[in-house]
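The basis for the numbers below is simple: all heavy atoms, side chains too, and nothing from hydrogens, waters or symmetry mates. Each residue takes its place number in the sequence, starting with 1.
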Amino acid sequence: MTVSPQSKDWFIVSVSGNKVTIKTVAENDTGKSRSDNVTVTYKGTTIQISIKQNCDFDPYQIVNIGGVRWMKYNLGKSRLEGTLATFATKLPSECTDDPIKTKSHGRFYRWDIGNKSWPSTGSVEIDSNVSSPNSSWITANDPCPDGYRVPTQDEFVELKNNSTQTNAGGWNASDYGYKIFESGSVKLEFPCVGFRDLKNNLLTTNGTYGRYWSSTEYDSDYAYYLIFNDESVNPSYHNIIKTHALSVRCVRNE
């Protein structure tokens with residue numbers, strides 16, 4: 001008996017005698033149902049088995065604050081890393097069984113480099129000090145799904161100026177805090193995941209600070225980003241070099 005494919009990132013296929021078992025091994029974090037086919041050939045007969053995995057959350061919900069249309073969930077893997085972008089699968093307030101709120105994190109990105117992302121927990125291999133030569137986060141390097149993009153510095157300013165900010169969570173390394181931006185009946189939650197220093201492989205200020213890239217350059221070495229802790233929100237910070245990896249929250253194109 002031959003089986004193809006034997007596995008993908010979200011399912012595995014096992015064979016025992018003449019029995020084929022297909023099992024999903026990953027939560028669907030794409031925001032859309034996904035499907036595939038497994039081809040089985042046995043004693044000269046070939047059949048196709050269709051697999052489908054539904055998704056129980058919708059990251060494409062849009063929250064409009066200050067005229068900017070924000071996605072509700074942090075970006076996971078980039079659209080440039082596979083066929084679909086992935087997302088954090090829960091809001092911080094929904095992570096009631098996990099104090100560090102892992103499923104709300106998403107992944108980290110270097111500025112204007114959208115084809116590679118890094119996890120928000122654990123260790124990673126120390127990466128080369130790659131930096132973008134561009135003066136803005138260009139469309140070809142944007143990790144957000146089609147129709148969406150990394151926000152500008154001005155859009156982070158609009159988010160702060162058109163919302164009330166409050167805190168939730170513990171704001172420490174064992175109980176991550178998160179910032180709530182609220183305007184009228186709508187709100188956004190931003191977990192304070194810290195950032196990853198890819199020069200020395202450190203996960204830094206996780207649980208106490210949130211840092212989210214904008215697409216706006218400050219100079220050739222630095223770019224603007226949103227930073228917050230339990231005391232303040234600043235949409236115009238620029239003291240972290242572009243080679244560090246920060247969170248991304250996408251906005252919808254006009």
Side-chain angles (χ1 to χ4, degrees), residues 29 31 57-66 68-76 85-96 98-109 111 117-121 143-144 148-173 175-184 186-196 203-216 223-238 240 244-252:
D29 53 7
F57 80 111
D58 179 14
Y60 291 89
Q61 301 173 70
I62 298 300
V63 170
N64 192 321
I65 296 179
V68 182
R69 297 181 291 178
W70 296 87
M71 299 189 88
K72 293 183 70 174
Y73 296 83
N74 279 3
L75 183 65
T86 68
F87 303 89
T89 56
K90 288 187 176 182
L91 301 176
S93 59
E94 296 171 335
C95 298
T96 55
D98 177 13
I100 71 168
K101 306 167 181 61
T102 307
K103 290 186 176 182
S104 73
H105 293 183
R107 291 172 69 86
F108 292 128
Y109 288 84
W111 191 82
S117 61
W118 288 266
S120 63
T121 59
C144 295
Y148 299 80
R149 57 178 170 77
V150 177
T152 64
Q153 179 213 0
D154 287 343
E155 287 170 329
F156 276 129
V157 172
E158 290 301 313
L159 175 63
K160 180 184 179 184
N161 291 345
N162 290 277
S163 67
T164 300
Q165 298 95 48
T166 55
N167 297 324
W171 296 88
N172 58 65
D175 181 4
Y176 282 15
Y178 59 99
K179 189 72 70 173
I180 301 171
F181 296 82
E182 195 162 4
S183 176
V186 301
K187 67 180 179 180
L188 290 169
E189 298 179 10
F190 282 70
C192 58
V193 191
F195 72 97
R196 193 175 282 281
L203 192 61
T204 304
T205 65
N206 45 308
T208 56
Y209 279 86
R211 291 177 170 88
Y212 289 72
W213 280 130
S214 84
S215 61
T216 308
Y224 290 102
Y225 61 92
L226 170 74
I227 184 172
F228 56 83
N229 61 10
D230 60 345
E231 296 180 346
S232 64
V233 175
N234 188 333
S236 303
Y237 234 55
H238 50 74
I240 284 185
H244 289 327
L246 277 62
S247 300
V248 168
R249 177 68 61 89
C250 302
V251 297
R252 187 170 180 174

* Step by step, would you call Thr204 with His244 a side-chain contact (heavy atoms from CB on, under 4.5 Å)? -> CA-CA 10 Å; Thr204 304; His244 289 327; over 6 Å; no

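- Put simply, the side chain of Thr86 never gets that close to the backbone of Asp29: no donor and acceptor are under 3.5 Å apart.
- Counting heavy atoms from C-beta on, the side chains of Asp98 and Lys103 never come closer than 4.5 Å.
- Two residues are said to be in side-chain contact when any heavy atoms from C-beta on lie closer than 4.5 Å; Ser236 and Gln153 meet this criterion.
- A donor-acceptor distance shorter than 3.5 angstrom exists from the side chain of Arg107 to the backbone of Ser117, with no hydrogens or angles considered.
- With rounding to the nearest 0.5 angstrom, the OG atom of Ser247 is 10.0 Å from the CG atom of Leu226.
- Taking Leu91 as the reference, Lys72, Tyr73, Ser93, Glu94, Glu189 meet the side chain to side chain contact (heavy atoms under 4.5 Å, CB included) condition, with sequence neighbours excluded.
- Aromatic ring centres of Trp70 and Phe156: separated by under 6.0 Å.
- Between Arg149 and Val251, some side-chain heavy-atom pair lies under the 4.5 Å cut-off.
- With rounding to the nearest 0.5 Å, the separation of CG in Leu246 from CH2 in Trp213 is 5.0 Å.
- Note that CG of Asp230 and OG1 of Thr166 are 12.5 Å apart. Values are rounded to the nearest 0.5 Å.
- At a threshold of 4.5 Å between non-hydrogen side-chain atoms, the residues Leu203 and Trp118 do not count as touching.
- Nearest heavy-atom pair, Ile65 versus Asn162, reported as atom, atom and distance to 0.1 Å: CG2-O, 3.6 Å.
- Closest of all the heavy-atom pairs between Gly66 and Glu158 is O-OE1, 4.0 Å.
- Closest of all the heavy-atom pairs between Asn167 and Asn229 is OD1-O, 4.1 Å.
- With Asp154 contributing its side chain and Thr152 its backbone, the two residues share no donor-acceptor pair below 3.5 Å.
- Using a 4.5 Å cut-off on side-chain heavy atoms (C-beta onward), Ile227 and Ile240 make no contact.
- In plain terms, the two heavy atoms of Pro191 and Tyr212 that are nearest each other are O-OH, 2.8 Å.
- Between atom OG1 of residue Thr216 and atom CD of residue Glu155 there is a gap of 8.0 Å, rounded to the nearest 0.5 Å.
- Interatomic distance, NZ of Lys179 versus CH2 of Trp171, reported as 4.5 Å (0.5 Å rounding).
- Using the six-membered ring where Trp is involved, His105 and Tyr176 have ring planes that are parallel, under 30° apart on the 30 and 60° scheme.
- Lys160 places a side-chain N or O within donor-acceptor distance of the main-chain N or O of Val233, the cut-off being under 3.5 Å.
- Taking all atoms of both residues into account, the shortest heavy-atom contact from Phe181 to Ser163 is CD2-OG, 3.5 Å.
- Across every non-hydrogen atom of Val193 and Ser120, the tightest pair is CG1-CB, 3.6 Å.
- Interatomic distance, Tyr225 OH to Trp111 CH2, rounded to the nearest 0.5 Å: 14.5 Å.
- Residues Phe228 and Gln165 have side chains not in contact (no heavy-atom distance under 4.5 Å, counting atoms from C-beta outward).
- Crowding of Tyr209 atom OH: a count of heavy atoms from other residues, nucleotides or ligands under 6.0 Å not exceeding 12.
- For the pair Pro143 and Val150, the minimum side-chain heavy-atom distance is below 4.5 Å.
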